[in-house]
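Please see the structure below; I have some questions.
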Protein chains: 2
Amino acid sequence: MTGSENGRRHTRDDVARTALRILDDYGLPDLTMRRLASALDVQPSALYWHFSNKQSLLAELADRIVTRATVPGPAPGGAARVHAEAAALRDALLAYRDGAEVVASTLALGLGSTVAHDRLAAAIAADGFDPNTARRAASTLLHFILGHVSHEQQRMQYDSLGVLADHTGSLRDEDDPAAEYAFGVGLLVSGLELSRSPA
Amino acid sequence: MTGSENGRRHTRDDVARTALRILDDYGLPDLTMRRLASALDVQPSALYWHFSNKQSLLAELADRIVTRATVPGPAPGGAARVHAEAAALRDALLAYRDGAEVVASTLALGLGSTVAHDRLAAAIAADGFDPNTARRAASTLLHFILGHVSHEQQRMQYDSLGVLADHTGSLRDEDDPAAEYAFGVGLLVSGLELSRSPA
DNA sequence: ACCTGAACACCGTTCAAGT
DNA sequence: ACCTGAACACCGTTCAAGT
């Protein structure tokens with residue numbers, strides 16, 4: 001009840017799940033190995049039996065966050081599928097506090113979690129683009145998505161901290177993040193669509 | 001000669017310049033307040049007279065990095081200006097080790113450095129788009145730019161560490177980062193261009 | 001198979017006090 | 001105006017040893 005995960009003897013899955021809970025409840029800066037250990041009623045050193053270091057723990061979390069991204073209902077085709085996939089990915093990132101930053105940081109280090117990129121690339125390829133174009137466009141789209149949602153999430157905790165800082169600064173106009181997001185995705189998809197029939 | 005900045009009594013500018021040098025030479029993870037202090041031959045606490053905390057120091061560095069971005073020669077117009085501005089921004093970020101991450105992190109926190117966004121927005125507006133569209137497109141473009149260059153720079157230090165990790169993973173196809181970059185920027189610009197004349 | 005105990009080598013930040 | 005000295009409250013990681 002006090003946050004301790006009693007029962008002794010944990011599995012790798014226990015550790016990851018508890019880490020995900022700390023992430024969601026307190027944010028990435030508060031997800032330390034020592035804090036995680038004490039939530040599991042264990043010494044910090046015990047964690048290194050399950051994960052060789054903090055980075056690989058974060059990679060596991062990124063994987064779990066991104067894997068949850070699935071488009072609901074019957075999958076559409078064409079450009080609509082790309083939009084749906086992008087929306088599902090945003091939802092998945094938003095489902096955990098600082099989710100976008102976790103995924104972005106592990107993606108940057110080249111550790112695991114190529115699944116987000118692959119899903120986007122598949123959706124684009126299914127819209128009739130060659131694999132190479134699909135990969136590059138997916139990469140562009142993913143950079144935008146992670147950047148946008150990171151920004152969105154940082155602003156959330158900033159706002160909830162009460163520090164509005166005059167609202168100047170930031171990128172402005174994040175009044176409706178979902179609309180901003182759709183705008184960005186639409187820009188990319190339109191650009192792709194245009195590249196299909198070179199005038 | 002040993003890295004100490006002798007002479008005693010520093011200005012805020014000294015501190016920022018030395019920090020920029022440490023950043024470029026050793027990377028963001030090695031830019032600690034204690035390391036910076038010792039490079040200045042000063043106690044860590046002395047830094048807090050010049051900057052109220054590490055975040056505001058990083059904001060200052062981000063500002064300096066981004067301000068260096070200028071398009072060379074006569075400024076073009078239309079879509080070419082957007083491309084030129086994006087290229088100049090990439091060059092500026094690449095000029096310092098981990099430059100993109102520094103800028104991305106301070107931008108996320110809403111501290112300073114709205115200049116990058118403003119320059120992109122101005123270039124887009126000059127191409128004949130309304131200010132609102134220009135701002136949103138600039139934001140999309142900036143997210144892509146920071147994501148792409150961050151990824152590019154992380155890969156640089158990863159490679160220089162000798163840890164190639166099978167080359168699988170990562171976003172693939174970063175064989176020619178400049179070409180990838182141009183592709184992404186082109187996608188965004190094409191999308192914009194298309195939105196101008198709604199069929 | 002999973003964990004303890006103790007240590008190593010660090011962090012950012014505050015604050016009274018000095019010159 | 002700029003800095004010291006000392007402390008506070010932390011980090012991630014290693015490693016021998018225990019059960």
Side-chain angles (χ1 to χ4, degrees), chain A residues 3-20 22-23 25-62 98 101-102 105-106 108-109 111 157-158 161 163, chain B residues 3-20 22-23 25-62 98 101-102 105-106 108-109 111 157-158 161 163:
Chain A
S4 59
E5 208 81 0
N6 39 15
R8 285 290 156 81
R9 236 98 200 154
H10 302 284
T11 75
R12 184 182 161 98
D13 184 65
D14 291 334
V15 176
R17 288 164 55 121
T18 304
L20 229 25
I22 293 179
L23 176 70
D25 290 347
Y26 305 99
L28 186 55
D30 278 11
L31 177 53
T32 67
M33 297 300 267
R34 299 178 105 100
R35 209 182 204 291
L36 174 55
S38 88
L40 288 161
D41 266 327
V42 128
Q43 296 294 318
S45 50
L47 300 176
Y48 293 82
W49 194 90
H50 300 284
F51 292 93
S52 57
N53 50 44
K54 191 180 182 178
Q55 278 300 342
S56 63
L57 168 64
L58 289 177
E60 171 70 30
L61 302 190
D98 292 339
E101 226 193 307
V102 170
S105 77
T106 71
L109 298 191
L111 307 173
Q157 74 181 104
Y158 211 66
L161 240 83
V163 199
Chain B
S4 58
E5 208 81 359
N6 40 14
R8 287 290 156 80
R9 236 98 200 154
H10 302 283
T11 75
R12 184 181 161 98
D13 184 66
D14 291 335
V15 176
R17 289 164 54 122
T18 305
L20 230 25
I22 293 178
L23 176 71
D25 289 348
Y26 305 100
L28 186 55
D30 278 11
L31 177 54
T32 68
M33 297 300 267
R34 300 178 106 99
R35 209 183 204 290
L36 174 56
S38 88
L40 288 160
D41 264 326
V42 127
Q43 294 295 318
S45 50
L47 300 176
Y48 292 83
W49 195 90
H50 299 285
F51 293 92
S52 56
N53 50 47
K54 191 179 181 178
Q55 277 300 342
S56 63
L57 168 65
L58 290 178
E60 171 70 29
L61 301 189
D98 292 338
E101 225 193 309
V102 170
S105 76
T106 73
L109 298 190
L111 306 173
Q157 73 182 103
Y158 210 67
L161 240 83
V163 199

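Lettering of chains follows the sequences in order, A, B, ..., and the numbering in each one begins at 1. What's counted below: heavy atoms across the whole structure, side chains too, no hydrogens, waters or symmetry copies.
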Can you give me the dot-bracket string for DNA chain D, 5' to 3', counting Watson-Crick and G-U wobble pairs with both distances under 3.5 Å, using [ ] for crossing pairs and | for partners on another strand? ||.|||||...|||||.||
So, taking the atom named OH in Tyr26(A) and the one named CG in Asp98(A), what distance separates them when rounded to the nearest 0.5 Å? 14.5 Å
Applying salt bridge (charged side-chain N to carboxylate O under 4.0 Å, His left out), name anything that partners Arg34(B), two or more places apart in sequence or on another chain. none
Please indicate whether Arg35(A) has more than 12 foreign heavy atoms, meaning atoms of other residues, nucleotides or ligands, lying under 6.0 Å from its CZ. yes
What integer number of Å spans the P atoms of dC10(D) and dA9(C)? 22 Å
dG12(C), dC3(C), dT13(D): which one has an atom nearest the side-chain heavy atoms of Arg9(A)? dC3(C)
Show the nearest heavy-atom pair for residues Thr106(A) and Ala62(A), with the distance to one decimal. OG1-CB, 3.4 Å
Measure CE/Met33(A) against P/dC3(C) and give the value in whole Å, please. 13 Å
Starting from P on dT4(C), measure out to CG on Asp41(A) and report it in whole angstrom. 9 Å
Distance, rounded to the nearest Å, where Leu47(A) contributes CG and dT13(D) contributes C1': 11 Å
Send over the distance from Arg35(B) CZ to dC10(C) P, rounded to a whole Å. 10 Å
Output yes when at least one side-chain N/O atom of His50(A) is less than 4.0 Å from OP1 or OP2 of dC3(C), else no. yes
Contacts of Asp13(B) that satisfy side chain to side chain donor-acceptor pair (under 3.5 Å) - sequence neighbours left out: Arg64(B)
Looking only at heavy atoms, which two atoms of Leu57(A) and Ala16(A) are closest? And how far apart? CD1-CA, 4.5 Å
Can you tell me the distance, in whole Å, between the CG atom of Leu31(B) and the C1' atom of dC11(C)? 13 Å
Quote, to the nearest angstrom, the C1' distance that separates dC2(D) from dA17(C). 13 Å
Just the rounded figure in Å: distance from P of dT4(C) to CZ of Arg34(A). 14 Å
Both Pro44(A) and Ala46(B) contact DNA chain D. Which one's nearest nucleotide lies toward the 5' end? Ala46(B)
On DNA chain C, nearest-nucleotide positions of Asp30(B) versus Gln43(A): which is more 5'? Gln43(A)
Integer-rounded Å distance: dT4(C) C1' and His10(A) NE2: 13 Å
Separation of dA6(C) atom C1' from Tyr48(A) atom OH, nearest Å, is 15 Å
Between dT4(D) and Ser45(B), is there an OP1 or OP2 to side-chain N/O distance shorter than 4.0 Å? no
Picking from dT14(C), dC11(C), dT13(D), which would you name as closest to the side chain of Thr32(B)? dC11(C)
Note, Leu111(B) side chain near Leu58(B) side chain (heavy atom, < 4.5 Å): no
